[in-house]
Protein chains: 2
Amino acid sequence: MIETQPSVERPATIYDVARAAGVSHATVTRLLKGYAGIRPETRDRVAEAIRELGYRPNLNARSLTTGRSHRIAALTHEITQVGPNKILEGANMAARDAGYLLDVITLDVHDPAAIRESIDVALQFDLAGVLALSSTDEVTNAVETTTFRVPVYLATGHDKRPTDSPPTASGLFAVLQHLADLGHRDVVHIAGPSDWVGARNRVREYESAVVELGLRSRGVIHGDWSARSGYEAIGSWSDELPATAFVAANDQTALGVILALNERGYRVPDDVSVTGVDDTPEAAYFSPPLTTLRLDFAAQGKDAVQQLLARIDDVAPPPLPSRRPELIVRRSTGPVRPRE
Amino acid sequence: MIETQPSVERPATIYDVARAAGVSHATVTRLLKGYAGIRPETRDRVAEAIRELGYRPNLNARSLTTGRSHRIAALTHEITQVGPNKILEGANMAARDAGYLLDVITLDVHDPAAIRESIDVALQFDLAGVLALSSTDEVTNAVETTTFRVPVYLATGHDKRPTDSPPTASGLFAVLQHLADLGHRDVVHIAGPSDWVGARNRVREYESAVVELGLRSRGVIHGDWSARSGYEAIGSWSDELPATAFVAANDQTALGVILALNERGYRVPDDVSVTGVDDTPEAAYFSPPLTTLRLDFAAQGKDAVQQLLARIDDVAPPPLPSRRPELIVRRSTGPVRPRE
DNA sequence: AGACATCATGTTGCCGGTAACATCACTGTG
DNA sequence: CACAGTGATGTTACCGGCAACATGATGTCT
């Protein structure tokens, strides 16, 4: 399990390279910066020395003079869900492609003091920008009340801010449409925690879709994104179920819902339909495979990084692509069963 | 979705603080380093100035002089599984607690060139150490053939290296024991990819447990950790199943196995037993809830960081705690059905 | 041929810290 | 009362880059 390599001699600097090539260090810098006016033979000597010594610029020193640190921090919460994770991964890739390093600062979303603390630590590494992959009000709050001296981009996941959000943005409308088409009238939404921006938006959209489609909402229960909370939500009805379709806020919650329904003798989808959101890789292998919304998390992470980089470089940010989630119909939804 | 803050004036430096307090910058440094011999009134003035200006040390500059960067990089692969993710999270926390920042370098495990590339980028930020959360041979290889000039700790997840690994280390033995107790004799292992160290170790342990317990292995099928691969493994037997129990290499694979079994009319656990490994939060809510091994990923991450930090500080590494996985028995396993 | 661009390269100072060394004002002592 | 010792603080050089400016060798033009 253990392997170590000895610490070798110090890394080479431009001065080492310069000495090896018999030039001044400025010439080395010039080569590195792609300056054109260097005599070919000089250029070759320096390039050779660089290769020979395995020279690698010290980015610390560089950012000290340039003031540009080429590193950005992503504030996020504990990564137990797939979504945020994938967002991070996408962001990480995008950052690296742009020559930036992305530091992940994991915040304990329920402890404002800890959030402050973490942000404080992050600020000491002079960052080029901060990406707030904010999902909860606490994070949003902490970010908004902190003075970063750098650009901050606050992304609330795939959900738009309330003001500019058309009611169909998150895709829940398509889910309810699908259920309505199958003949369902009574539906229940098992939501995420109410202090999560995304959860609230889904509730909003659920409610407006219900109205628009002429359905009847028999309740909105706030869970915590977990399978357990889906399971417990079903447990809250001691006798008959109030609805024929359950719209979970994410796939994990839907998983718990399905188990609870099974245990109570309901068959999915024959007796009850269940839907999720996210389309995690596992959703297609639930028993039964889950009807859900496919979200492109990696793309969201990439989008967010691009927005932030635009701010850092002080150029006009590229238009934010609208990433309409896609409804994936599987076998957890079916026609409503005729009353016997 | 968008919020920005203006970039304010430059952050304060020790010189700013020194000027404000009417002392030399060295005195400021002394205060920061906790040097005792400063006159109380001077100390107060400086402290006041620091507060006033919101001074925060520039860690870039600091590491430039000290040569200690207080940042470590974790090399890992694409984070689609829960386990590696949790390991990272644990590592991140442990690193932060020790005053280090952890940079996650996501490697594309199947592209050696890309691995090199990523490592190269990382090396430019002079790192205090590198944590190779290596899971595949490719990563191991890349790490072993790269000259880092800093301590490297190569952790292969919860599995030990072949040489020092007792056959019961990974806990699969307990799983098979459990199955044997239930009367199962014919078992199949649906493993992870064979270039993953952890997958190979589990196969090894599976095989030795089978022998020791007097079971019969009816095959080892290599999947890719995914639910899909579990599903497809079952599909490889066109007619009757060769075993009464299926030991999956992780929970996701087990999920796919369960679905495939359901679709073919087998009931779990009445007809066939299925087990997983990991005990992801969802495993308890599969239909049926999964018998699995609980792994403490976060602790593994923490362990790894501590090992690395010991190397960085050049002290004797703390003994690596043995984290014996715990068997969690749920409802996906049951007594073997009497032949009808 | 002398004055002046121009090109290639060298010199210097700075970024924000750290640390070794220097200084200065006291104090105690013989 | 001169002098060494000590405590508090200031000066200086350096880390590894970058960039403004300086310099010296050519080439060009009149």
Side-chain angles (χ1 to χ4, degrees), chain A residues 9-47 49-50 53-71 99 101 123-128 149-150, chain B residues 9-47 49-50 53-71 99 101 123-128 149-150:
Chain A
E9 70 310 339
R10 310 206 52 172
T13 71
I14 39 170
Y15 299 96
D16 298 328
V17 173
R19 199 171 335 110
V23 297
S24 80
H25 68 274
T27 303
V28 180
T29 297
R30 291 196 181 95
L31 181 73
L32 294 173
K33 309 248 92 180
Y35 173 69
I38 307 182
R39 249 191 320 167
E41 61 181 72
T42 311
R43 171 185 301 275
D44 289 347
R45 273 213 322 274
V46 176
I50 287 179
L53 293 163
Y55 169 77
R56 217 179 281 297
N58 179 328
L59 263 26
N60 262 335
R62 176 174 292 174
S63 67
L64 184 57
T65 45
T66 57
R68 327 196 73 239
S69 67
H70 281 254
R71 51 185 347 125
L101 203 56
L123 281 178
Q124 303 197 346
F125 293 88
D126 67 345
L127 302 162
R149 297 170 203 270
V150 293
Chain B
E9 72 308 340
R10 311 205 51 172
T13 71
I14 40 170
Y15 297 96
D16 299 327
V17 173
R19 199 172 333 108
V23 298
S24 80
H25 69 276
T27 302
V28 180
T29 297
R30 290 195 181 97
L31 181 72
L32 294 172
K33 309 249 90 181
Y35 175 68
I38 306 181
R39 250 192 318 169
E41 59 180 75
T42 311
R43 171 185 301 275
D44 289 346
R45 274 213 321 276
V46 177
I50 287 179
L53 294 163
Y55 168 77
R56 218 178 279 298
N58 178 327
L59 262 26
N60 259 337
R62 175 175 293 175
S63 69
L64 183 57
T65 48
T66 59
R68 326 197 73 241
S69 66
H70 281 253
R71 50 185 346 127
L101 204 56
L123 280 179
Q124 302 198 345
F125 294 87
D126 68 345
L127 300 163
R149 296 171 205 268
V150 293

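Proteins come first, then strands; the chains are lettered A, B, ... in the order of their sequence lines, and each starts at number 1. Note that this is a predicted model, so its numbers are computed, not measured.
Atom-to-atom, CD1 of Ile50(B) to P of dG17(C) comes out at 10 Å; the value is rounded to the nearest Å. If you measure from atom CZ of Arg39(A) to atom C1' of dT9(C), you get 9 Å, rounded to the nearest angstrom. Distance Arg43(A) CZ to dT9(C) P: 9 Å, rounded to the nearest Å. Atoms OH (Tyr35(A)) and P (dT6(C)) sit 13 Å apart, rounded to a whole Å.
In this structure, the side chain of Arg71(B) does not engage the main chain of Leu101(B) through any donor-acceptor pair within 3.5 Å.
Under the rule for a side chain to side chain donor-acceptor pair (under 3.5 Å), the partners of Arg56(B) that lie at least two apart in sequence or sit in another chain are Asp120(A). With sequence neighbours excluded, no residue forms a side chain to side chain donor-acceptor pair (under 3.5 Å) with Ser69(B). In this view, Asn58(A) satisfies the side chain to side chain donor-acceptor pair (under 3.5 Å) rule with no residue, not counting sequence neighbours.
Residues Arg45(B) and Val23(B) are in side-chain contact: their nearest non-hydrogen atoms beyond the backbone lie under 4.5 Å apart.
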With the sugar-phosphate defined as primed atoms, P, OP1 and OP2, and the base as all remaining atoms, what B/S/- string results for nucleotides 12-26 of chain D, 5' to 3', for protein heavy atoms under 4.0 Å? B--BBBBB-------
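Atom OG1 of residue Thr65(B) and atom CG of residue Asn60(B) lie 11.0 Å apart, to the nearest 0.5 angstrom. Taking CG from Leu53(A) and CD1 from Ile14(A), the interatomic distance works out to 13.0 Å, rounded to the nearest 0.5 Å.
One end of the helix from dA1(C)-dT30(D) to dG30(C)-dC1(D) points its axis 70° away from the other end's axis, with each axis taken from 5 pairs and the angle rounded to 10°.
The two residues Ala61(A) and Leu64(B) have their closest heavy-atom pair at CB-CD1, 3.7 Å. Of all the heavy atoms in Thr66(B) and Ser63(B), the pair that sits closest is OG1-CA, 3.5 Å.
Here salt bridge (charged side-chain N to carboxylate O under 4.0 Å, His left out) pairs that include residues 18-29 of chain A, with residues two or more places apart or in two chains, are Asp16(A)-Arg19(A).
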What are the atom names and distances for every N/O pair under 3.5 Å that joins the protein to nucleotides 24-27 of chain C?
none

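Taking only side-chain nitrogens and oxygens, Thr42(A) never comes nearer than 4.0 Å to OP1 or OP2 of dA8(C).
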Please set out all donor-acceptor pairs under 3.5 angstrom arising from side-chain atoms of residues 24-42 of chain B, sequence neighbours excluded.
from	atom 1	to	atom 2	distance (Å)
Ser24(B)	OG	Ala26(B)	N	3.4
Thr29(B)	OG1	His25(B)	O	3.4

